[in-house]
There are 2 protein chains.
Amino acid sequence: MDKPPRPTKTEVFLNYKIWLSGLTGHGQVNAETFGLLEGIKRFGTLKAAADNIAMSYRKAWGAVTEAEEILGYPLLDKHRGGKDGGNSSLTPAAIKLLEAYQALQQQFDERVEAAYADFISKLNKT
Amino acid sequence: MDKPPRPTKTEVFLNYKIWLSGLTGHGQVNAETFGLLEGIKRFGTLKAAADNIAMSYRKAWGAVTEAEEILGYPLLDKHRGGKDGGNSSLTPAAIKLLEAYQALQQQFDERVEAAYADFISKLNKT
DNA sequence: TTTCGATATGTCAATCTTTGCATAACGAAA
DNA sequence: TTTCGTTATGCAAAGATTGACATATCGAAA
(Lines give C-alpha, C1' and ligand atoms only; values in the text may rest on other atoms or scores of the structure.)
Protein backbone atom coordinates (compact mmCIF):
# COMPACT_ATOMS: atom_id res chain seq x y z
CA MET A 1 0.00 0.00 0.00
CA ASP A 2 2.98 2.30 -0.39
CA LYS A 3 2.56 5.26 -2.64
CA PRO A 4 4.15 4.78 -6.04
CA PRO A 5 7.37 6.77 -6.44
CA ARG A 6 6.10 9.39 -8.78
CA PRO A 7 6.33 13.12 -8.25
CA THR A 8 3.76 14.53 -5.85
CA LYS A 9 0.86 15.77 -7.87
CA THR A 10 -1.43 18.24 -6.20
CA GLU A 11 -4.93 16.91 -6.02
CA VAL A 12 -7.52 19.26 -7.38
CA PHE A 13 -11.22 18.73 -7.19
CA LEU A 14 -14.06 20.10 -9.25
CA ASN A 15 -17.04 21.28 -7.24
CA TYR A 16 -20.37 22.61 -8.30
CA LYS A 17 -23.52 24.05 -6.90
CA ILE A 18 -26.90 24.59 -8.51
CA TRP A 19 -29.85 26.56 -7.24
CA LEU A 20 -33.07 28.19 -8.31
CA SER A 21 -33.88 31.85 -8.03
CA GLY A 22 -36.66 34.23 -8.93
CA LEU A 23 -36.69 37.40 -10.98
CA THR A 24 -35.17 39.53 -8.26
CA GLY A 25 -32.20 37.25 -7.74
CA HIS A 26 -32.63 37.67 -4.02
CA GLY A 27 -32.81 34.42 -2.14
CA GLN A 28 -32.38 30.95 -3.44
CA VAL A 29 -33.78 27.48 -3.43
CA ASN A 30 -30.69 25.40 -3.00
CA ALA A 31 -29.61 21.85 -2.26
CA GLU A 32 -30.08 22.39 1.45
CA THR A 33 -33.68 23.43 0.95
CA PHE A 34 -34.33 20.42 -1.23
CA GLY A 35 -32.73 18.35 1.50
CA LEU A 36 -35.40 19.68 3.81
CA LEU A 37 -38.15 18.77 1.38
CA GLU A 38 -36.74 15.28 1.17
CA GLY A 39 -36.67 15.07 4.95
CA ILE A 40 -40.25 16.23 5.25
CA LYS A 41 -41.30 13.57 2.79
CA ARG A 42 -39.49 10.98 4.89
CA PHE A 43 -40.20 12.13 8.42
CA GLY A 44 -43.38 14.10 8.20
CA THR A 45 -42.29 17.22 10.07
CA LEU A 46 -40.13 20.19 9.29
CA LYS A 47 -38.49 19.88 12.65
CA ALA A 48 -37.37 16.30 12.04
CA ALA A 49 -36.19 17.26 8.57
CA ALA A 50 -34.12 20.09 10.03
CA ASP A 51 -32.64 17.85 12.73
CA ASN A 52 -31.82 15.30 10.06
CA ILE A 53 -29.47 17.68 8.29
CA ALA A 54 -28.31 19.37 11.53
CA MET A 55 -30.02 22.65 10.72
CA SER A 56 -31.77 24.81 13.27
CA TYR A 57 -35.54 24.86 13.03
CA ARG A 58 -35.33 28.63 12.75
CA LYS A 59 -33.19 28.47 9.67
CA ALA A 60 -35.13 25.61 8.14
CA TRP A 61 -38.40 27.46 8.54
CA GLY A 62 -36.83 30.51 6.94
CA ALA A 63 -35.47 28.50 4.03
CA VAL A 64 -38.83 26.95 3.22
CA THR A 65 -40.64 30.25 3.57
CA GLU A 66 -38.14 31.94 1.29
CA ALA A 67 -38.47 29.13 -1.23
CA GLU A 68 -42.23 29.54 -1.27
CA GLU A 69 -41.84 33.24 -1.84
CA ILE A 70 -39.46 32.72 -4.74
CA LEU A 71 -41.58 30.06 -6.36
CA GLY A 72 -44.85 31.79 -5.73
CA TYR A 73 -46.72 28.74 -4.50
CA PRO A 74 -46.83 26.69 -1.28
CA LEU A 75 -44.50 23.76 -0.84
CA LEU A 76 -45.89 22.49 2.41
CA ASP A 77 -49.24 21.67 3.91
CA LYS A 78 -48.52 22.70 7.45
CA HIS A 79 -50.57 21.62 10.42
CA ARG A 80 -49.96 22.69 13.93
CA GLY A 81 -51.61 21.56 17.11
CA GLY A 82 -52.70 18.12 18.19
CA LYS A 83 -51.20 15.79 20.70
CA ASP A 84 -48.25 15.22 18.37
CA GLY A 85 -47.74 18.94 18.02
CA GLY A 86 -48.32 19.08 14.32
CA ASN A 87 -46.79 18.00 11.03
CA SER A 88 -46.05 19.02 7.49
CA SER A 89 -46.30 17.31 4.16
CA LEU A 90 -45.27 18.21 0.63
CA THR A 91 -47.82 19.73 -1.67
CA PRO A 92 -48.24 18.01 -5.06
CA ALA A 93 -46.32 20.92 -6.59
CA ALA A 94 -43.47 20.38 -4.14
CA ILE A 95 -43.33 16.69 -4.96
CA LYS A 96 -43.05 17.45 -8.64
CA LEU A 97 -40.47 20.11 -8.01
CA LEU A 98 -38.40 17.82 -5.83
CA GLU A 99 -38.45 15.08 -8.42
CA ALA A 100 -37.45 17.43 -11.20
CA TYR A 101 -34.63 18.76 -9.04
CA GLN A 102 -33.38 15.31 -8.17
CA ALA A 103 -33.25 14.41 -11.84
CA LEU A 104 -31.33 17.62 -12.48
CA GLN A 105 -28.98 16.85 -9.64
CA GLN A 106 -28.25 13.43 -11.01
CA GLN A 107 -27.58 14.75 -14.49
CA PHE A 108 -25.13 17.21 -13.02
CA ASP A 109 -23.38 14.60 -10.96
CA GLU A 110 -22.81 12.45 -14.00
CA ARG A 111 -21.87 15.37 -16.15
CA VAL A 112 -19.42 16.73 -13.64
CA GLU A 113 -17.69 13.42 -13.33
CA ALA A 114 -17.12 13.22 -17.06
CA ALA A 115 -16.11 16.88 -17.28
CA TYR A 116 -13.68 16.45 -14.44
CA ALA A 117 -11.96 13.51 -16.13
CA ASP A 118 -11.71 15.52 -19.31
CA PHE A 119 -10.37 18.51 -17.44
CA ILE A 120 -7.66 16.55 -15.67
CA SER A 121 -6.57 14.83 -18.83
CA LYS A 122 -6.23 18.18 -20.55
CA LEU A 123 -4.06 19.43 -17.73
CA ASN A 124 -1.78 16.45 -17.95
CA LYS A 125 -1.42 16.69 -21.68
CA THR A 126 2.08 17.70 -22.86
CA MET B 1 -47.09 44.01 -26.76
CA ASP B 2 -49.78 43.11 -24.23
CA LYS B 3 -49.21 40.04 -22.15
CA PRO B 4 -51.19 37.04 -23.35
CA PRO B 5 -54.14 36.28 -21.05
CA ARG B 6 -52.76 33.17 -19.40
CA PRO B 7 -52.33 32.68 -15.68
CA THR B 8 -49.26 34.31 -14.21
CA LYS B 9 -46.50 31.74 -14.10
CA THR B 10 -43.71 32.42 -11.68
CA GLU B 11 -40.40 32.64 -13.46
CA VAL B 12 -37.74 30.44 -12.01
CA PHE B 13 -34.14 30.42 -13.05
CA LEU B 14 -31.48 27.78 -12.77
CA ASN B 15 -28.12 29.01 -11.60
CA TYR B 16 -24.87 27.18 -11.23
CA LYS B 17 -21.34 27.70 -10.08
CA ILE B 18 -18.25 25.57 -10.51
CA TRP B 19 -14.92 25.87 -8.77
CA LEU B 20 -11.74 24.00 -7.96
CA SER B 21 -10.55 23.15 -4.48
CA GLY B 22 -7.72 21.27 -2.84
CA LEU B 23 -7.70 18.41 -0.36
CA THR B 24 -8.56 20.61 2.59
CA GLY B 25 -11.62 22.09 0.96
CA HIS B 26 -10.57 25.48 2.27
CA GLY B 27 -10.40 28.15 -0.36
CA GLN B 28 -11.38 27.94 -3.96
CA VAL B 29 -10.34 28.75 -7.47
CA ASN B 30 -13.51 30.15 -8.93
CA ALA B 31 -14.79 31.95 -11.99
CA GLU B 32 -13.67 35.28 -10.57
CA THR B 33 -10.13 34.06 -10.19
CA PHE B 34 -10.12 32.76 -13.73
CA GLY B 35 -11.45 36.11 -14.78
CA LEU B 36 -8.33 37.61 -13.26
CA LEU B 37 -6.09 35.21 -15.13
CA GLU B 38 -7.83 36.18 -18.33
CA GLY B 39 -7.31 39.82 -17.52
CA ILE B 40 -3.64 39.33 -16.81
CA LYS B 41 -3.26 37.61 -20.13
CA ARG B 42 -4.92 40.56 -21.83
CA PHE B 43 -3.56 43.49 -19.89
CA GLY B 44 -0.29 42.31 -18.47
CA THR B 45 -0.79 43.37 -14.86
CA LEU B 46 -2.77 42.07 -11.94
CA LYS B 47 -3.89 45.57 -11.15
CA ALA B 48 -5.40 46.13 -14.58
CA ALA B 49 -7.01 42.71 -14.42
CA ALA B 50 -8.55 43.59 -11.06
CA ASP B 51 -9.79 46.96 -12.29
CA ASN B 52 -11.25 45.26 -15.32
CA ILE B 53 -13.63 43.20 -13.22
CA ALA B 54 -14.11 45.94 -10.61
CA MET B 55 -12.24 44.04 -7.92
CA SER B 56 -9.89 45.65 -5.42
CA TYR B 57 -6.23 44.91 -5.93
CA ARG B 58 -6.11 43.60 -2.37
CA LYS B 59 -8.75 41.01 -3.06
CA ALA B 60 -7.35 40.10 -6.45
CA TRP B 61 -3.93 39.53 -5.00
CA GLY B 62 -5.44 37.35 -2.29
CA ALA B 63 -7.43 35.33 -4.81
CA VAL B 64 -4.40 34.57 -6.93
CA THR B 65 -2.26 33.75 -3.91
CA GLU B 66 -4.92 31.41 -2.58
CA ALA B 67 -5.25 29.76 -5.97
CA GLU B 68 -1.52 29.14 -6.08
CA GLU B 69 -1.64 27.59 -2.63
CA ILE B 70 -4.50 25.31 -3.59
CA LEU B 71 -2.91 24.23 -6.83
CA GLY B 72 0.57 23.92 -5.44
CA TYR B 73 2.31 25.73 -8.27
CA PRO B 74 2.74 29.32 -9.40
CA LEU B 75 0.24 30.85 -11.79
CA LEU B 76 2.00 34.14 -12.32
CA ASP B 77 5.46 35.36 -13.13
CA LYS B 78 5.39 38.52 -11.10
CA HIS B 79 7.78 41.39 -11.57
CA ARG B 80 7.86 44.51 -9.53
CA GLY B 81 9.88 47.63 -9.94
CA GLY B 82 10.83 49.49 -13.04
CA LYS B 83 9.52 52.75 -14.41
CA ASP B 84 6.25 51.05 -15.22
CA GLY B 85 5.97 49.71 -11.70
CA GLY B 86 5.98 46.10 -12.67
CA ASN B 87 3.87 43.49 -14.39
CA SER B 88 2.66 39.93 -14.27
CA SER B 89 2.24 37.21 -16.84
CA LEU B 90 0.74 33.75 -16.79
CA THR B 91 3.03 30.80 -16.29
CA PRO B 92 2.71 28.02 -18.89
CA ALA B 93 0.85 25.99 -16.27
CA ALA B 94 -1.59 28.83 -15.73
CA ILE B 95 -2.21 29.12 -19.46
CA LYS B 96 -3.00 25.44 -19.69
CA LEU B 97 -5.21 25.62 -16.62
CA LEU B 98 -7.10 28.61 -17.94
CA GLU B 99 -7.73 26.92 -21.25
CA ALA B 100 -8.94 23.74 -19.60
CA TYR B 101 -11.23 25.77 -17.39
CA GLN B 102 -12.66 27.75 -20.26
CA ALA B 103 -13.49 24.54 -22.08
CA LEU B 104 -15.14 23.25 -18.92
CA GLN B 105 -17.10 26.43 -18.51
CA GLN B 106 -18.39 26.29 -22.03
CA GLN B 107 -19.45 22.68 -21.72
CA PHE B 108 -21.38 23.57 -18.61
CA ASP B 109 -23.08 26.56 -20.12
CA GLU B 110 -24.36 24.44 -22.96
CA ARG B 111 -25.40 21.60 -20.72
CA VAL B 112 -27.14 23.80 -18.25
CA GLU B 113 -29.26 25.33 -20.94
CA ALA B 114 -30.47 21.90 -22.00
CA ALA B 115 -30.93 20.75 -18.43
CA TYR B 116 -32.94 23.85 -17.63
CA ALA B 117 -35.30 23.27 -20.53
CA ASP B 118 -35.76 19.70 -19.42
CA PHE B 119 -36.38 20.80 -15.85
CA ILE B 120 -39.04 23.31 -16.79
CA SER B 121 -40.80 20.90 -19.09
CA LYS B 122 -40.93 18.34 -16.29
CA LEU B 123 -42.51 20.92 -14.00
CA ASN B 124 -45.17 21.77 -16.52
CA LYS B 125 -46.02 18.15 -17.25
CA THR B 126 -49.48 17.01 -16.05
C1' DT C 1 20.02 58.62 -8.18
C1' DT C 2 15.37 59.99 -8.49
C1' DT C 3 10.90 58.59 -9.93
C1' DC C 4 6.70 56.10 -10.63
C1' DG C 5 3.37 52.67 -10.62
C1' DA C 6 2.75 47.77 -9.68
C1' DT C 7 3.50 44.16 -6.38
C1' DA C 8 3.00 42.79 -1.41
C1' DT C 9 0.61 42.59 3.20
C1' DG C 10 -1.26 43.91 7.71
C1' DT C 11 -5.20 45.65 9.95
C1' DC C 12 -9.54 47.25 11.47
C1' DA C 13 -14.19 48.79 10.48
C1' DA C 14 -18.41 47.71 8.22
C1' DT C 15 -21.53 44.34 6.82
C1' DC C 16 -23.80 40.25 6.09
C1' DT C 17 -25.02 35.56 8.09
C1' DT C 18 -25.93 32.34 11.30
C1' DT C 19 -27.39 30.71 15.78
C1' DG C 20 -29.43 30.76 19.98
C1' DC C 21 -32.98 32.08 23.01
C1' DA C 22 -37.51 33.36 24.01
C1' DT C 23 -42.17 33.31 23.54
C1' DA C 24 -46.73 32.54 21.40
C1' DA C 25 -50.29 29.99 18.98
C1' DC C 26 -52.47 25.67 18.01
C1' DG C 27 -55.54 21.71 18.41
C1' DA C 28 -56.21 16.50 18.50
C1' DA C 29 -56.18 13.15 21.93
C1' DA C 30 -56.29 11.64 26.53
C1' DT D 1 -59.93 21.01 29.72
C1' DT D 2 -55.18 19.89 30.23
C1' DT D 3 -51.19 18.44 27.75
C1' DC D 4 -47.49 18.16 24.48
C1' DG D 5 -44.59 18.93 20.61
C1' DT D 6 -44.68 21.31 16.29
C1' DT D 7 -45.39 25.36 13.69
C1' DA D 8 -44.46 30.46 13.75
C1' DT D 9 -41.59 34.69 14.53
C1' DG D 10 -38.96 38.38 16.68
C1' DC D 11 -34.59 39.81 18.34
C1' DA D 12 -29.98 40.12 20.09
C1' DA D 13 -25.46 37.84 20.30
C1' DA D 14 -21.86 35.81 17.96
C1' DG D 15 -19.33 34.76 13.77
C1' DA D 16 -17.74 35.04 9.33
C1' DT D 17 -16.76 37.75 5.14
C1' DT D 18 -15.65 41.82 2.72
C1' DG D 19 -13.79 46.07 1.86
C1' DA D 20 -11.32 50.11 2.58
C1' DC D 21 -7.07 52.20 4.04
C1' DA D 22 -2.36 52.43 4.97
C1' DT D 23 2.19 51.51 4.21
C1' DA D 24 6.33 49.20 2.47
C1' DT D 25 9.16 47.26 -1.25
C1' DC D 26 11.09 47.10 -5.74
C1' DG D 27 13.93 48.23 -9.87
C1' DA D 28 14.20 49.72 -14.92
C1' DA D 29 14.33 53.91 -17.23
C1' DA D 30 15.06 58.73 -17.43
Side-chain angles (χ1 to χ4, degrees), chain A residues 15 17 19 21 24-33 35-70 73-91 94, chain B residues 15 17 19 21 24-33 35-70 73-91 94:
Chain A
N15 311 274
K17 203 176 178 236
W19 70 94
S21 66
T24 69
H26 295 301
Q28 51 183 59
V29 189
N30 58 24
E32 251 185 354
T33 305
L36 287 173
L37 297 190
E38 247 181 275
I40 290 162
K41 191 175 169 188
R42 265 181 75 191
F43 305 117
T45 72
L46 175 55
K47 181 170 196 313
D51 288 347
N52 181 239
I53 60 173
M55 184 188 290
S56 69
Y57 175 80
R58 184 68 184 74
K59 187 178 175 186
W61 178 82
V64 171
T65 300
E66 178 179 284
E68 290 180 328
E69 276 163 13
I70 289 172
Y73 54 83
L75 295 172
L76 302 185
D77 280 321
K78 303 157 195 172
H79 304 284
R80 65 176 170 181
K83 186 69 177 180
D84 62 330
N87 63 82
S88 292
S89 59
L90 302 185
T91 61
Chain B
N15 310 275
K17 204 174 178 231
W19 71 94
S21 66
T24 68
H26 294 302
Q28 50 183 60
V29 189
N30 58 26
E32 250 184 358
T33 304
L36 288 172
L37 297 189
E38 247 181 275
I40 289 162
K41 191 175 170 188
R42 267 181 74 188
F43 305 116
T45 72
L46 175 53
K47 178 165 198 317
D51 287 347
N52 180 240
I53 60 173
M55 185 188 290
S56 70
Y57 175 81
R58 184 67 184 75
K59 187 179 175 185
W61 177 83
V64 171
T65 300
E66 178 179 285
E68 289 180 329
E69 277 164 13
I70 289 171
Y73 54 83
L75 294 173
L76 302 185
D77 280 322
K78 303 157 194 173
H79 306 283
R80 63 175 173 182
K83 188 69 177 177
D84 62 331
N87 62 82
S88 293
S89 59
L90 301 185
T91 61

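Here is the naming used below: chain letters follow the sequence lines, and residue numbers restart at 1 for every chain.
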Novice: Please tell me which of the listed nucleotides, D/dT9, C/dA8, D/dT6, lies nearest to the side chain of B/W61?
Specialist: C/dA8
Novice: Could you tell me the separation between the CG atom of B/D51 and the C1' atom of C/dG5, rounded to a whole number of Å?
Specialist: 12 Å
Novice: Within the structure shown, what part of the strands sits under 4.0 Å from B/S56 by heavy-atom distance: base, sugar-phosphate, or nothing?
Specialist: nothing
Novice: If you check the B/K78 side chain, which of C/dA8, D/dA8, C/dG20 turns out closest?
Specialist: C/dA8
Novice: May I have the distance from A/D84 (atom CG) to D/dT2 (atom P), rounded to whole angstrom?
Specialist: 21 Å
Novice: Side-chain donor-acceptor contacts of residues 73-81 of chain A below 3.5 Å, not counting sequence neighbours, with atom names and distances?
Specialist:
| from | atom 1 | to | atom 2 | distance (Å) |
| --- | --- | --- | --- | --- |
| A/K78 | NZ | A/E68 | OE1 | 3.2 |

Novice: Nearest to the side chain of A/K83, heavy atoms from C-beta on, is which of C/dA8, C/dA6, C/dA29?
Specialist: C/dA29
Novice: Compare the minimum distances between each of D/dT7, C/dT9, C/dG20 and the side chain of A/S88, then state the nucleotide with the smallest one.
Specialist: D/dT7
Novice: Once you apply a heavy-atom cut-off of 4.0 Å, does B/T65 come out as touching a base, just sugar-phosphate, or nothing?
Specialist: nothing
Novice: Whole angstroms only, please: what is the CG-P distance between B/D77 and D/dG27?
Specialist: 15 Å
Novice: Could you check which of D/dG10, C/dA6, D/dA8 has an atom nearest any side-chain atom of A/Y57?
Specialist: D/dA8
Novice: Ignoring the backbone of A/R80, work out which of C/dC26, C/dT7, C/dT19 is nearest its side chain.
Specialist: C/dC26
Novice: Between atom CG in B/N52 and atom P in C/dA6, what is the gap in whole Å?
Specialist: 14 Å
Novice: What is the distance from CG of B/N87 to P of C/dC4, rounded to the nearest Å?
Specialist: 19 Å
Novice: Please give me the minimum heavy-atom distance between B/S21 and B/I70, naming the atom from each residue.
Specialist: C-CG2, 3.8 Å
Novice: Taking the side chain of B/K59 as heavy atoms from C-beta outward, which of D/dT9, C/dT18, D/dG19 is closest to it?
Specialist: D/dG19
Novice: If you look at every strand shown and take non-hydrogen atoms under 4.0 Å, does B/G86 touch a base, only sugar-phosphate, or nothing?
Specialist: sugar-phosphate
